[in-house]
Amino acid sequence: MTYFAPAPPFLDDWDWDWHDEPQKPSWRVLTDGAKVLNARVGTGGPFKDYVGRAKTLLENFDFKEFSEAAKSRSMIRAFFHAWLSEPSLAESTLRIKTIDVLSASTSGISRLGTMALIHLHLMYFDQVDQWESGLFRAIEKAVTDAVASQTRNDKIPDIVEAVRAKPELLITATAASAASKLVISGEHSVEGLLADLELSGFEARRYRELLNQEVFLRRIENADPHGVNEFLSEISSDSVRKGPRPGGGYFGIDLLEALISRPKGIPSLEWLNAILDIAGDPRMSYTQNWSIWWSPLEESARETVIRWLSDQDLELFLRTIEEYGERTRNEDIQRMYPDRSKFLRGLQKSGLVRETRLFMPESARSFAGRTLPIRVLQTISLLEGTPDRSLIFIDCGRFHIVEGSHNFKIWIYEGEVHELLASRQRYSTHIDELRQPLADQYLHNGQRYKSVSHLGLWQYPVLYFLRQNLGIDIDPSTMMTTATYSDMLFKKGMP
């Protein structure tokens, strides 16, 4: 990797080329010159030999030889550079005892060495505690002590003075979180803040990563889940979601927890898509992707997203019925649509719906593809044996329903869901399998069912079956249009 060495404390001895201009250089020229030095001072020539020796000593570690080498300021800085340039070497040899030896060296740490130590801290930051517990705190203390030992330099700002002035934004365990608040408040952009903290010439990989992660989490915290949020398109990239989270694992887990806990009610499709882009569909529990992203989450989080997806399934199913009725000019379907829409939406609002699954022929899947993300489209089972009918399976726990778009009865089953309806590993299903043959299998298992044609007050026998046979009481007024409800009371009374 490329290491950008920090600028030295003074620039007076550098051979500036002012192109024969008689005036003194401006402050901007001075600081730009310092940034040029960042990339090249103190790392070439003989110092490379020091770094090479440091790597050799670390690879063939002997504590006595290491302690002897630590008496040299140049070797102290070389050890920091060796760890910066080779992460694997840092992981295997950067330890509390090595940091303590370097920090306590009688020769002290030079200003350039202090800059390298700060960079080392920012490069690996919280990850060092995975190598040895307490290592982060040891490096933080070494940085604090090294900065305190340096002469204050107000002539040209550098990272040493930045740490001296704002340690809470740079070197503490909560530094990235504190810095992110300045970005969210609008005081700085991320890059503007890094420049203000004198980090423009430093890679500071892990610190930058943590800062960006904190910014994303705070944006989610402050966002409207029902509005437009441009940052959502950024968080599903592999570089963000697969970044390491504090304590291990993928940062995408933290993103999911924040995205799921933030909304009160069903979020926008954009918000839901961001969750699916990070983790895929939580209903596909047999996949490796599910094991990576959904298994670490609480079951309640998975259930929440499944309920949101059920709402999307339901809306798509109803749009399919409505669109088919309009396209075919089928007056019967158009006439029945308000009652069927009210019934299914009422069931959804009742809080009983746990999960849904769509069965669609290829033509309807193409229609759904206009609005649904590909991840959701892939969960829709192909329905064979029909050119235009679609079905929806609705799991309500103690009972479940299979409803069709048209020319299909509504089927209500009690108890455990049959594999034909539940298994998402099955790509296609024939429509005839979901009629009487399926009902016969339920009956064989001792499970009651009821099938009802969409004629007259068809809601009445459905609600009657649920109440009388399963003890499930749903307010009929929430499942029927006002006109249908009044008609039922007049003709049949309450179910």
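Heads up: numbering here begins at 1 and tracks the sequence. Since the structure is predicted, the reported quantities are computational estimates derived from the model, not experimental observations.
Listed for the R77 side chain is no donor-acceptor partner under 3.5 Å among the backbone atoms of S110. Remark: the backbone N or O of H226 is not paired with any side-chain donor or acceptor of W271 at under 3.5 angstrom. No donor-acceptor pair under 3.5 Å is formed between the side chain of S105 and the backbone N or O of L102. Panel note: side chain S185, backbone K181; a donor-acceptor pair is recorded below 3.5 Å. A distance-only check finds no donor-acceptor pair linking the side chain of R307 to the backbone of I266 [under 3.5 Å]. Although no hydrogens or angles enter the test, the distance criterion places no donor-acceptor pair under 3.5 Å between the side chain of E140 and the main chain of A173. In this structure a side-chain-to-backbone donor-acceptor pair under 3.5 Å is missing from S177 to T174. A donor-acceptor pair is defined here as one N or O able to donate and one able to accept, closer than 3.5 Å; no such pair exists between the side chain of W294 and the backbone of M284. When atom types are taken as modelled, the side chain of W290 and the backbone of P282 share a donor-acceptor pair closer than 3.5 angstrom. Between the T98 side chain and the L94 main chain, no donor and acceptor come within less than 3.5 Å of each other.
In summary, K55 and E86 engage in a salt bridge, as defined by a charged side-chain N under 4.0 Å from a carboxylate O. The existence of a salt bridge linking R206 and D126 is confirmed by a sub-4.0 Å separation between a basic side-chain nitrogen and an acidic carboxylate oxygen. Remark: D145 engages K141 in a salt bridge, criterion side-chain N to carboxylate O under 4.0 Å. A salt bridge links R327 to E323: one of the charged nitrogens lies within less than 4.0 Å of a carboxylate oxygen. Salt bridge status for K155 with E161: absent, with no side-chain N to carboxylate O gap under 4.0 Å. For D281 and R424, the salt-bridge test fails: no basic side-chain N is under 4.0 Å from an acidic carboxylate O.
Taking 4.5 Å as the limit, some side-chain heavy atom of L347 sits within range of a side-chain heavy atom of I401. Residues E209 and P244 meet the side-chain proximity criterion, which asks for heavy atoms closer than 4.5 Å. L316 has its side chain within reach of I380: a pair of non-hydrogen atoms, C-beta onward, lies under 4.5 Å apart. Between D196 and L182, the closest side-chain pair of non-hydrogen atoms is not below 4.5 Å. Within the 4.5 Å cutoff, the side chain of N273 has no heavy atoms near those of the L232 side chain. In this structure the side chain of I109 reaches within 4.5 angstrom of the side chain of F80, judged on heavy atoms. Within the 4.5 Å cutoff, side-chain heavy atoms of L57 are placed close to those of M75. Taking the side chain as every heavy atom from C-beta outward, Q348 and V353 approach each other to under 4.5 Å.
Across I260 and W308, no two heavy atoms sit closer than the pair O-CH2, 3.5 Å. Considering every non-hydrogen atom in both A274 and I235, the closest pair reads CB-CD1, 4.5 Å. Closest heavy-atom contact between A69 and R53: CB-NH2, 4.4 Å. Across all their heavy atoms, E270 and G227 have their closest contact at OE1-O, 3.3 Å. Contact between T478 and D475 at its shortest, heavy atoms only, is OG1-O, 2.7 Å. The nearest pair of heavy atoms linking L197 to A162 is O-CB, 3.4 Å.
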_Between R345 and E315, is the side chain to side chain contact (heavy atoms under 4.5 Å, CB included) condition met? List the steps._
CA-CA 9 Å; R345 287 196 171 105; E315 291 301 319; 2.7 Å; yes

*Would L309 and T379 satisfy side chain to side chain contact (heavy atoms under 4.5 Å, CB included), going step by step from the backbone distance to the final call?*
CA-CA 11 Å; L309 290 170; T379 67; over 6 Å; no

*Does the pair V147 and I171 meet the rule for a side chain to side chain contact (heavy atoms under 4.5 Å, CB included), with working shown?*
CA-CA 11 Å; V147 168; I171 64 170; over 6 Å; no

*Check against side-chain hydrogen bond (donor to acceptor under 3.5 Å, both in side chains), S74 and S72*: CA-CA 5 Å; S74 294; S72 162; 4.5 Å; no

*So R354 and S310, side-chain hydrogen bond (donor to acceptor under 3.5 Å, both in side chains) or not? Walk me through it.*
CA-CA 8 Å; R354 293 184 177 180; S310 295; over 6 Å; no

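Within 6.0 Å of CD on E416 lie no more than 12 heavy atoms contributed by other residues, nucleotides or ligands. No more than 12 heavy atoms of other residues, nucleotides or ligands shown are found within 6.0 angstrom of CD on E298. Within a 6.0 Å radius of CZ in F216, more than 12 heavy atoms belonging to other residues, nucleotides or ligands are found. Within a 6.0 Å radius of CZ in R205, more than 12 heavy atoms belonging to other residues, nucleotides or ligands are found.
In this structure, CG in L391 is found 9.0 Å from OG1 in T429, a value given to the nearest 0.5 Å. One distance of note links OG of S390 with CE of M360; it measures 4.5 Å at 0.5 Å rounding. Taken to the nearest 0.5 Å, the CD1 atom of I292 stands 8.5 Å off from the CZ atom of R241. Between I220 atom CD1 and R262 atom CZ the span is 10.0 Å, to the nearest 0.5 Å. Between atom CG of residue L421 and atom CG of residue D395 there is a gap of 9.5 Å, rounded to the nearest 0.5 Å. To the nearest 0.5 Å, atom NE2 of residue H81 and atom CG of residue L120 are 10.0 Å apart.
Shown here are the ring-ring contact (aromatic ring centres under 6.0 Å, His included) partners of F136, two or more places apart in sequence or in another chain: H121, F125. E191 pairs by the salt bridge (Lys or Arg N to Asp or Glu O under 4.0 Å) definition with R208, not counting sequence neighbours. Every residue two or more places apart in sequence or in another chain that forms a side-chain hydrogen bond (donor to acceptor under 3.5 Å, both in side chains) with Q150 is listed here: T114. Qualifying side-chain hydrogen bond (donor to acceptor under 3.5 Å, both in side chains) partners for R426, counting only residues two or more places apart in sequence or in other chains: E433. The side-chain hydrogen bond (donor to acceptor under 3.5 Å, both in side chains) check on Q213 picks up nothing, with sequence neighbours excluded. Partners of E362 by side-chain contact (heavy atoms from CB on, under 4.5 Å), not counting sequence neighbours, listed by chain and number: R365, S366, L382.
With V143 as the fixed residue, the side-chain contact (heavy atoms from CB on, under 4.5 Å) test singles out one of V160, L170, L117, I99: L117.
Between F202 and H119, the ring planes lie perpendicular to each other; the angle is over 60°, past the 30° to 60° tilted range.
Not less than 6.0 angstrom separates the ring centroid of F359 from the ring centroid of F393. Ring centroids of W131 and Y124 are separated by less than 6.0 Å, placing the two rings close together.
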